[in-house]
Amino acid sequence: EEVSRWLHEYELTVRRFDASARISGARILFTMQPEIEAERHKQLTPDEAAIQRYYRPRYQTLHTVYRDQLVTRMRELPARDGIWFEDVSDVFQGEPAKVYLDYTHLTGRGAYVMARRLARVVAPVILRSQNPPGSAER
């Protein structure tokens, strides 16, 4: 029940941020940042594997089970509410370099890879003045 309330509050916060941005004529791109505990796509470096083992006892449920529930909920928002959401959980797939400093903070390489992915997501919207996927003109 506590997790359900947290998910509901998170969604309300996202809706409030989105509404505030729209009032000023802007859009917000919401993402779920990858976290080493929830990493399912990247072949971890030995350092990253050690980091994951260190944080697993503290964060496993939060960063796997609850995070998955949140991502599922966030994926519903574009079709239902026109909120711009991009799941970037797979951003490090195929990246051999170390991208995690700890359970969630990124190395310079990790930030670079993430920035390139986000640029590919927002460039068509910004450069062509298109509405984000899943959004309706309001």
Side-chain angles (χ1 to χ4, degrees):
E1 186 175 313
E2 183 178 335
V3 173
S4 181
R5 279 196 311 267
W6 175 77
L7 290 168
H8 179 72
E9 289 297 322
Y10 194 101
E11 183 178 330
L12 287 178
T13 300
V14 166
R15 289 170 187 266
R16 287 181 188 120
F17 276 120
D18 189 65
S20 295
R22 287 178 189 250
I23 287 169
S24 65
R27 293 302 317 264
I28 296 177
L29 169 61
F30 294 92
T31 67
M32 294 298 300
Q33 178 175 323
E35 298 162 324
I36 202 163
E37 184 56 38
E39 186 61 67
R40 295 181 182 113
H41 303 282
K42 183 184 188 305
Q43 179 67 42
L44 299 178
T45 67
D47 284 347
E48 289 170 326
I51 292 167
Q52 189 182 58
R53 282 191 305 274
Y54 176 79
Y55 284 105
R56 176 157 283 154
R58 296 177 182 106
Y59 294 108
Q60 186 172 17
T61 302
L62 175 64
H63 292 282
T64 56
V65 176
Y66 300 158
R67 183 182 191 282
D68 289 347
Q69 290 177 20
L70 182 57
V71 169
T72 297
R73 196 155 189 160
M74 291 295 294
R75 284 182 179 154
E76 297 169 355
L77 295 178
R80 193 176 70 218
D81 301 313
I83 289 174
W84 191 11
F85 173 72
E86 180 77 17
D87 183 4
V88 295
S89 297
D90 64 347
V91 68
F92 300 127
Q93 186 171 5
E95 175 57 48
K98 181 179 176 182
V99 297
Y100 292 103
L101 290 171
D102 59 19
Y103 68 97
T104 193
H105 298 96
L106 303 177
T107 64
R109 177 65 187 169
Y112 175 79
V113 171
M114 180 61 76
R116 286 184 56 102
R117 170 70 172 273
L118 294 177
R120 287 193 303 273
V121 171
V122 300
V125 175
I126 293 171
L127 299 176
R128 296 188 190 105
S129 299
Q130 297 174 350
N131 289 321
S135 70
E137 190 66 41
R138 293 182 185 198

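Just so we're clear, the structure is a prediction, and the values are computed from it rather than from any experiment.
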Self-check item: salt_bridge(R67, E37) N-O dist < 4.0 Å
Solution: no
Quiz item: Does the side chain of Y100 come under 3.5 Å of the side chain of E39 through a donor N or O and an acceptor N or O?
Solution: yes
Practice problem: Determine the minimum heavy-atom distance between R22 and G82, stating which atoms define it. | Solution: NH2-O, 2.5 Å
Quiz item: Within a strict 4.5 Å, meaning less than it, do heavy atoms of the L77 and R15 side chains meet?
Solution: yes
Quiz prompt | Whether T107 side chain and K98 backbone form a donor-acceptor pair below 3.5 Å | solution = yes
Exercise. List the atom of A119, the atom of P124, and the distance in Å for their closest heavy-atom pair.
Key: O-CD, 4.5 Å
Quiz prompt | Side-chain donor/acceptor of Q33 to backbone N/O of T104, under 3.5 Å | solution = yes
Quiz item: What is the distance from atom CD of E95 to atom NE2 of H41, rounded to the nearest 0.5 Å?
Solution: 14.5 Å
Quiz item: Taking the six-membered ring where the residue is Trp, are the ring centres of F30 and F17 under 6.0 Å apart?
Solution: no
Quiz item: Less than 4.5 Å apart, any side-chain heavy atom of R56 and any of R53?
Solution: no
Exercise. Give the cluster check for V88 versus I126: same hydrophobic cluster or not, with ILVMFWY residues linked at side-chain heavy-atom distances below 4.5 Å.
Key: yes
Exercise. Have a look at K42 and tell me which of D90, V99, I36 forms a side-chain contact (heavy atoms from CB on, under 4.5 Å) with it.
Key: V99
Quiz item: Who are the side-chain contact (heavy atoms from CB on, under 4.5 Å) partners of S20, not counting sequence neighbours?
Solution: none
Quiz prompt | L101-L44 co-clustered via ILVMFWY side chain contacts under 4.5 Å | solution = no
Quiz item: Heavy-atom distance under 4.5 Å between the side chains of L70 and Y66, does that happen here?
Solution: no
Quiz prompt | Nearest non-hydrogen partners of R27 and W84, listed with the distance | solution = NH2-N, 3.6 Å
Quiz item: Salt bridge between E9 and R5, side-chain N to carboxylate O under 4.0 Å?
Solution: no
Quiz prompt | E48 side chain vs T45 backbone, donor-acceptor pair below 3.5 Å | solution = yes
Exercise. Starting at CD1 of I51, measure out to OH of Y103 and round the result to the nearest 0.5 Å.
Key: 12.0 Å
Self-check item: Student check: side-chain heavy atoms of R116 and Y112 closer than 4.5 Å
Solution: yes
Exercise. Of all the heavy-atom pairs spanning L7 and Q69, show the shortest one and how long it is.
Key: CD1-OE1, 3.5 Å
Exercise. To the nearest 0.5 angstrom, please state how far the CD atom of E11 sits from the CZ atom of R16.
Key: 11.0 Å
Quiz item: Residues two or more places apart in sequence or in another chain: which of them pass side-chain contact (heavy atoms from CB on, under 4.5 Å) with D87?
Solution: V71, R75, F85, S89
Quiz item: Which atoms form the tightest heavy-atom contact between D18 and I83, and what is the distance?
Solution: OD2-CG1, 3.6 Å
